[in-house]
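Both backbone and side-chain heavy atoms feed into the values below; hydrogens, waters and symmetry mates do not. As the structure lists them, so they are numbered: ligands from 1, and atoms in each ligand from 1.
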Amino acid sequence: MMKTGILTAALTVAFAAGSAGAATQQGDLLIKFKNVETLKAFALMSKGAGSKVETLGATQWVHVKMSPEQQKEISIEDIRSNPEVLAVQPNYKLHLLENYQLKSPALRAQLAKMVAAQNFKPAAMPADNPPFPSATPVGGTGADPDFAKQWGMNDIGLKKGLSQHRGKGVVVAVIDTGVDYTHEDLVDNMWRNKGEMGTDAQGRDKSSNGVDDDGNGYIDDVMGWDFAANDNKPFDLAVDPIQILMGGGNPGHGTHCAGNVAARGDNGKGVEGVAPDAQIMALRFLSEKGEGDTAGAIKAIDYAVANGAQVLSNSWGSEGDDPAEGEKNQALKDSIQRAADKGVIFIAAAGNGHSGVGYDNDSDAKPGVPASYDNDNIVSVAALDVASAFGSFSNWGARTVDIGAPGVKVYSTTVGSHYSDTVIDMYGIKATWDGTSMACPHVAGAAALYLSAHPGATVKQIKDALLNSATPVPALQGKVVSGGKLNVEKMMAQ
Ligand SMILES: [Ca+2]
Ligand SMILES: [Ca+2]
Ligand SMILES: [Ca+2]
Ligand SMILES: [Ca+2]
């Protein structure tokens with residue numbers, strides 16, 4: 001635990017310096033109160049355009065967005081020195097951890113020129129927020145035709161007849177850009193909130209009656225929640241790849257992750273996830289540009305834990321965006337601890353480097369957030385290629401990264417009932433689905449597999465099972481805690 005004094009002193013310095021280039025917005029704060037009730041007597045209540053106050057569930061943390069007028073009236077120092085305040089920190093920005101290749105302004109400029117010259121027309125994509133699909137299974141039988149393209153599944157030892165336990169009964173929250181819940185290979189494995197299904201006393205459909213039927217704080221939340229747009233449809237809005245690559249972000253990131261966790265197996269369609277009978281809870285807090293904030297992440301984590309997810313798949317974070325950030329996102333760390341206290345495991349992408357592509361990615365020295373936090377329920381995952389070498393972008397850390405998993409040129413589900421290992425391949429510019437983002441859901445699926453065979457396993461038991469069964473890999477010796485890569489065949493034989 002950081003001492004509050006140190007935390008706020010650093011914060012004051014950051015704000016005094018104007019936070020130039022920092023990934024936070026001035027006046028966008030998370031404040032921990034001794035007692036949230038005292039907030040009402042506090043001068044931070046919504047006041048003026050752009051001002052906002054929201055309590056974060058049953059926690060002591062409150063998200064406060066100060067209006068420009070408030071920022072003139074109230075200083076960080078005022079907040080910090082209030083005896084009711086335990087901690088104050090920026091509402092740090094977070095982003096997805098897929099290693100898209102067009103960070104370079106020069107490449108983007110080149111692409112923009114080519115797009116303009118060729119009069120490129122974006123392909124049609126599904127409209128946002130499609131209606132919930134029927135809960136009646138689509139079904140299907142037969143081999144998954146693209147299974148052979150999933151090199152990672154073979155690499156981790158996922159094979160037919162591996163186990164009778166295929167993740168059944170385990171809910172995995174994919175906390176990301178949303179999920180295409182209409183996807184033919186995901187729809188039958190989507191988690192559904194039974195408390196918002198069926199008919200109410202007046203005979204209305206609970207999923208659309210505008211009532212929070214199960215009293216969980218969210219209205220008509222049948223398939224999770226969209227904390228980015230604040231609606232009940234956590235759909236993965238995949239805009240055109242070129243547009244999104246130009247602006248950063250990635251189309252269909254959450255959908256790609258969800259497929260690796262739990263695409264439906266043996267349904268004659270597409271691919272198969274590591275836990276093909278597990279359920280996917282779709283929680284969106286990253287926008288279509290792949291960006292979100294700490295408040296959104298906390299709400300998603302708390303929702304997942306409160307609504308029955310046993311595994312959280314987290315292909316997002318930040319590394320080096322804000323040098324002050326490392327150990328200082330106490331609000332996020334607190335939410336991960338709340339998950340730990342409920343026995344929920346938190347699988348996290350280790351991160352894709354602090355300073356561009358290359359091997360300058362030691363998480364021990366430069367922590368990735370949240371993967372490097374010391375909460376006992378975190379499993380931090382590095383990305384490997386088909387030759388069991390680190391992806392050139394992948395973080396590692398002898399103390400802070402736990403295990404390797406497939407994360408280069410990963411084939412999975414994409415928005416619109418498509419499948420791909422390639423984000424973009426045109427005008428001579430190619431980007432494949434690479435990232436610790438892609439590695440993380442393999443381990444999340446493995447945790448679900450293990451839990452289905454060992455119901456009630458503790459976080460420690462699951463983590464031990466994952467790490468102790470890892471296949472030793474030369475490149476990973478001394479670079480990750482387990483010294484190896486995910487091996488579900490050995491894990492399930494334990
Ligand atoms: Ca509800
Ligand atoms: Ca309802
Ligand atoms: Ca939405
Ligand atoms: Ca399938």
Exercise for the section: Measuring from the Ca ion (ligand 2), name the closest N, O or S atom belonging to Asp213. Expected result: OD2
Handout entry: Ring center gap for Tyr303 and Trp225 short of 6.0 angstrom
Key = no
Problem - Short N/O/S contact of Asp128 with the Ca ion (ligand 3) (below 3.0 Å) - result: no
Exercise for the section: Would you mind naming the N, O or S atom of Glu196 nearest to the Ca ion (ligand 1)? Expected result: OE2
Practice task
Salt-bridge test for Lys149 and Asp421: reply yes if a basic N is under 4.0 Å from a carboxylate O, no otherwise.
Solution key: no
Handout entry: the Ca ion (ligand 2) to nearest N/O/S of Lys206 below 3.0 Å
Key = yes
Exercise for the section: Of all N, O or S atoms in Asp221, identify the one at the shortest distance from the Ca ion (ligand 1). Expected result: OD1
Problem - Asp376 atom CG, neighbour heavy-atom count above 12 within 6.0 Å - result: no
Handout entry: N/O/S from Val211 sitting under 3.0 Å away from the Ca ion (ligand 2)
Key = yes
Problem - the Ca ion (ligand 1) contact by Asn216, N, O or S atom under 3.0 Å - result: yes
Practice task
Have a look at the Ca ion (ligand 3) and estimate, to 10 degrees, the angle subtended by O (Lys233) and OD1 (Asn129).
Solution key: 80°
Handout entry: Which N, O or S atom of Asp226 lies nearest to the Ca ion (ligand 3), by name
Key = OD2
Handout entry: Atom name in Asp214, limited to N/O/S, at shortest distance from the Ca ion (ligand 1)
Key = OD1
Problem - Atom name, Asp212 (N, O or S, nearest to the Ca ion (ligand 1)) - result: OD1
Practice task
Please determine if the Ca ion (ligand 2) has an N/O/S atom from Ser208 lying under 3.0 Å away.
Solution key: no
Problem - Distance-minimising heavy-atom pair for Met197 and Arg192 - result: SD-CB, 3.7 Å
Fill in the blank from the handout: Nearest heavy-atom approach of Ala405 to Val381 is CB-CG1, 3.8 Å
Practice task
Please work out whether the ring planes of Trp316 and Phe346 are parallel, tilted or perpendicular, with thresholds of 30° and 60°.
Solution key: perpendicular
Handout entry: Trace of the side chain to side chain contact (heavy atoms under 4.5 Å, CB included) decision for Asp128 with Glu288
Key = CA-CA 11 Å; Asp128 194 14; Glu288 60 274 21; over 6 Å; no
Completion exercise
min-distance N/O/S atom, Asp220 vs the Ca ion (ligand 2), resolves to OD1
Exercise for the section: Ignoring hydrogens and angles, tell me if any N or O in the side chain of Thr177 forms a donor-acceptor pair with the backbone of Gly254 under 3.5 Å. Expected result: yes
Exercise for the section: Check whether any side-chain N or O of Thr255 sits under 3.5 Å from a backbone N or O of Thr413 as a donor-acceptor pair, and report yes or no. Expected result: no
